[in-house]
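Sequence lines set the chain letters: A, B, ... in the order given, protein chains first and strands last, and positions in each chain run from 1.
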There are 2 protein chains.
Amino acid sequence: MATRLSDVAARAGVSVKTVSNVINDYPHITSQTRAKVEAAITALDYKPNVSARSLRKGRSDFIALAIPEMASPYFAELGAAISRAAKRRGITVLIDQTEGEAAAEKLVLDGMRGQLIDGIIFSPITTAPAKIRLADTAKPLVLLGERHPGGHFDHVAVDSVQASFDATTHLISIGRRRIAAIGVGGGAGTGTVRRKGYRKALKAAGLEHDPALELAGTGYHRDDGAASMRELLALPEPPDAVFCFNDLLALGALRTLADAGLSVPGDVAVVGFDDIEDGRYHSPSLTTISPDKDWLAENAVGVLLDRIAGNGEADRRDLTVPYTLQIRESTNG
Amino acid sequence: MATRLSDVAARAGVSVKTVSNVINDYPHITSQTRAKVEAAITALDYKPNVSARSLRKGRSDFIALAIPEMASPYFAELGAAISRAAKRRGITVLIDQTEGEAAAEKLVLDGMRGQLIDGIIFSPITTAPAKIRLADTAKPLVLLGERHPGGHFDHVAVDSVQASFDATTHLISIGRRRIAAIGVGGGAGTGTVRRKGYRKALKAAGLEHDPALELAGTGYHRDDGAASMRELLALPEPPDAVFCFNDLLALGALRTLADAGLSVPGDVAVVGFDDIEDGRYHSPSLTTISPDKDWLAENAVGVLLDRIAGNGEADRRDLTVPYTLQIRESTNG
DNA sequence: CTGAAAGCGCTTACAG
DNA sequence: CTGAAAGCGCTTACAG
């Protein structure tokens, strides 16, 4: 049988209320009493029962992180950062893989997990952000991913339009003129928003955008990038640069270029988005947009906890994650 | 206020017991009653309170997965597989990053999370497996990682000695004679066990092992592999092949070889261990030992749930994960 | 097959 | 500063 609060109280010769006070760090306890209780806790190796506490308080100190897939490096790195940020505040993160299924995403929005969790950080991929509504009973929610007008939730994201503008402008600045984009059809608005920045940069440089150079693909993985790059190389007039809307696409594209015997950046320059570790070690290393993931994690958790703490009526917050353009070998050979 | 069981009962015109029976799928309920109850559940959008259920039943249907770091691709892929396997059985997985800290690993072993979880799947990296003991109050535990004699727990792992033997023998079979090993000092026995297979293969082929060719490094990441490879290249007589004890080390080594202008596998052949997706897309693609991660996940979860279900006294189980040697460009240019 | 009641282990007004 | 008691929302013997 596990040790209970009352066992500790009995051993310390105080009431359960006093033990509870010590555990929850309430004031007005003599250091003598505290010491007695702490000794009993140690002696009995007492651990509070989370279920009971959560049932009574209506708070569990668990939050959920709902992401498309944890095996995808960007989400793995993000999940690690969010877990760390939460742990620092005594919060545990439950990671939920939606695998981009609408049904799973709906479950998230329905306030999954039978009220165990206190709130959700949600990175949607199938559900359009504008369509997200929560049941009245549902928990506070912070959205990750592209900004969208008229959203109903707190939101933490990179300014994708600006970042994509910067990435494309960098390619222009090294003399490229026929610049393709891969990932235009990406989920939950990513493709649309990043294309906007890409086109804006072309326009600012006086270049026409060529629809034949904008590849949608079916997903955001290495194989999608590899396939899109093959399509581009089959064009009568292939591109001299590619802006891939995430690093995984870029790594797939690099693989196709290597197979084709083309040099990077000599024949084709490549830029990604996310700055996953993989790209830093690749040969050639990958130029990419590097969002500050620790900042993102820290703030997503912070905003969510604020909301949980009761600022239900406060204004919706919209935080913009700092980023840098990391110039590496794939554009700077 | 959230809907409670009693609200459902009231609306359906039955007792709470009956509602509970329906939810928990107990027999002896007329289909009429069941229909009434289900209608009420739907109408009220009722979700059972997990904390209350868990407090009462003493089971939460949560298990923990404790791994060194979720941003490491192998663990990310494994975590994804284990989450999926658990979800299929109605179990939720809590992922715990120990970051290889002894203190965090100790917390795991102390039966962390105040009894919320029903059991633990643990991949130790700092704590020597032989040293693992659990408090009496602790939960069932399944160990991942290297096998060790005299262990006290269920265990699921690749036969690393055999797999390392196969990897090394493959290098010998393509004509290499000066074969280095990177990762010899790896945590929780991995380095030792894989070196054993490596040496065994050399011996079987009549080759001496050369201590100068066995690199310990400080970790199992890309930068460790890159650094170790630099050391090897600085040798008076560099190797013509390297067996890296995981793929991350191998990818780091490949980067160093690329920087040095050496050809792979022409000058140096490289083999890894884990078969992470990264290695499949790298140029050159990475030859590696590929453990069946889905098999591992399925069985780790299965064994743990068996144990939770009450086979506390049953014999300790020792499952061996199937693997294949995936021959790719890094040894087969 | 169903109902009334106890109890899982906490926290928290309420008295003192 | 401390104690006795209620109650969070379930499940489960126990009666009927």
Side-chain angles (χ1 to χ4, degrees), chain A residues 1-38 40-41 44-62 90 111 113-118 137 139 310, chain B residues 1-38 40-41 44-62 90 111 113-118 137 139 310:
Chain A
M1 208 48 231
T3 319
R4 284 157 311 155
L5 200 58
S6 57
D7 300 329
V8 176
R11 175 159 185 135
V14 301
S15 75
V16 292
K17 172 70 165 94
T18 304
V19 179
S20 181
N21 284 345
V22 169
I23 290 172
N24 293 290
D25 237 7
Y26 291 147
H28 309 312
I29 300 171
T30 59
S31 56
Q32 212 176 24
T33 307
R34 178 182 298 280
K36 250 194 326 195
V37 170
E38 279 166 354
I41 288 175
L44 297 173
D45 192 27
Y46 169 70
K47 312 247 170 34
N49 180 307
V50 178
S51 298
R53 167 180 288 174
S54 148
L55 174 60
R56 182 56 237 242
K57 293 185 71 162
R59 272 200 56 178
S60 63
D61 291 338
F62 278 72
R113 298 207 186 296
Q115 308 138 32
L116 175 73
I117 54 160
D118 297 331
T137 57
K139 309 293 167 179
Chain B
M1 210 47 231
T3 320
R4 286 156 310 155
L5 200 58
S6 56
D7 301 328
V8 176
R11 174 160 186 132
V14 301
S15 76
V16 293
K17 172 72 164 92
T18 305
V19 179
S20 181
N21 284 345
V22 169
I23 290 173
N24 293 291
D25 239 8
Y26 290 149
H28 309 310
I29 300 172
T30 59
S31 56
Q32 215 175 21
T33 308
R34 179 182 297 280
K36 251 194 322 196
V37 171
E38 278 167 354
I41 288 175
L44 296 173
D45 191 28
Y46 169 71
K47 313 246 170 29
N49 181 306
V50 178
S51 298
R53 167 180 289 173
S54 148
L55 174 59
R56 182 58 236 240
K57 294 183 72 162
R59 269 201 59 177
S60 63
D61 291 338
F62 278 69
R113 297 208 186 296
Q115 309 139 31
L116 175 74
I117 55 162
D118 298 331
T137 58
K139 311 290 166 177

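B/Ile41 has its CD1 atom 17 Å from the P atom of D/dG9, to the nearest Å. Remark: C1' of D/dA6 and CZ of A/Arg56 are 8 Å apart, rounded to the nearest angstrom. Distance B/Arg34 CZ to C/dC1 P: 10 Å, rounded to the nearest Å. Distance B/Leu5 CG to D/dC8 C1': 14 Å, rounded to the nearest Å. To the nearest angstrom, P of D/dC8 lies 18 Å from CG of A/Asn49. Whole-Å rounding puts the B/Arg59 CZ to C/dG9 C1' distance at 19 Å. The interatomic distance linking B/Leu55 (CG) with C/dG7 (P) rounds to 14 Å, in whole Å. Between the C1' atom of D/dT2 and the NZ atom of A/Lys36 lies a distance of 11 Å, rounded to the nearest Å.
Projected onto DNA chain C by closest heavy-atom contact, B/Lys17 and A/Ser6 fall at different nucleotides, the more 5' of which corresponds to B/Lys17.
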query: Please walk me through it: do A/Arg53 and A/Val50 pass side-chain contact (heavy atoms from CB on, under 4.5 Å)?
result: CA-CA 5 Å; A/Arg53 167 180 288 174; A/Val50 178; 5.7 Å; no
- request: Show the numbers, then the answer: is there a side-chain contact (heavy atoms from CB on, under 4.5 Å) between A/Ile23 and A/Val8?
  value: CA-CA 11 Å; A/Ile23 290 172; A/Val8 176; over 6 Å; no
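Using a 4.0 Å heavy-atom cutoff across all strands shown, B/Lys57 reaches sugar-phosphate atoms only and no base atom.
Comparing the P positions of D/dC10 and D/dC14 gives a spacing of 23 Å, expressed to the nearest Å. As rounded to the nearest Å, D/dG9 and D/dA13 have P atoms that lie 23 Å from one another.
OP1 or OP2 of D/dT12 has not a single side-chain nitrogen or oxygen of B/Ser20 nearer than 4.0 Å. One finds a side-chain N or O of A/Thr18 lying less than 4.0 angstrom from the OP1 or OP2 phosphate oxygen of D/dG3. Applying the 4.0 Å criterion to OP1 and OP2 of C/dG3, one finds that B/Ser15 has a side-chain N or O inside that range. OP1 or OP2 of D/dT2 sits under 4.0 Å from a side-chain N or O of A/Thr33.
A/Ala12 and A/Val37 get closest at one heavy-atom pair: CB-CA, 4.1 Å. In plain terms, the two heavy atoms of B/Ser6 and B/Val16 that are nearest each other are CA-CG1, 3.7 Å. Of all the heavy atoms in A/Leu55 and B/Ser51, the pair that sits closest is N-CB, 3.9 Å.
Nearest nucleotide to the A/Tyr46 side chain, out of C/dC10, D/dG9, D/dG3: C/dC10.
With hydrogens and angles ignored, the 3.5 Å screen pairs a side-chain donor or acceptor of B/Thr3 with a backbone N or O of B/Leu44.
Where pairing requires Watson-Crick or G-U contacts shorter than 3.5 Å, the helical stems of DNA chain C with at least three consecutive pairs are C:1-3 with D:14-16, C:5-12 with D:5-12, C:14-16 with D:1-3.
Side-chain polar atoms of A/Ser15 and A/Thr18 form a donor-acceptor pair below 3.5 angstrom.
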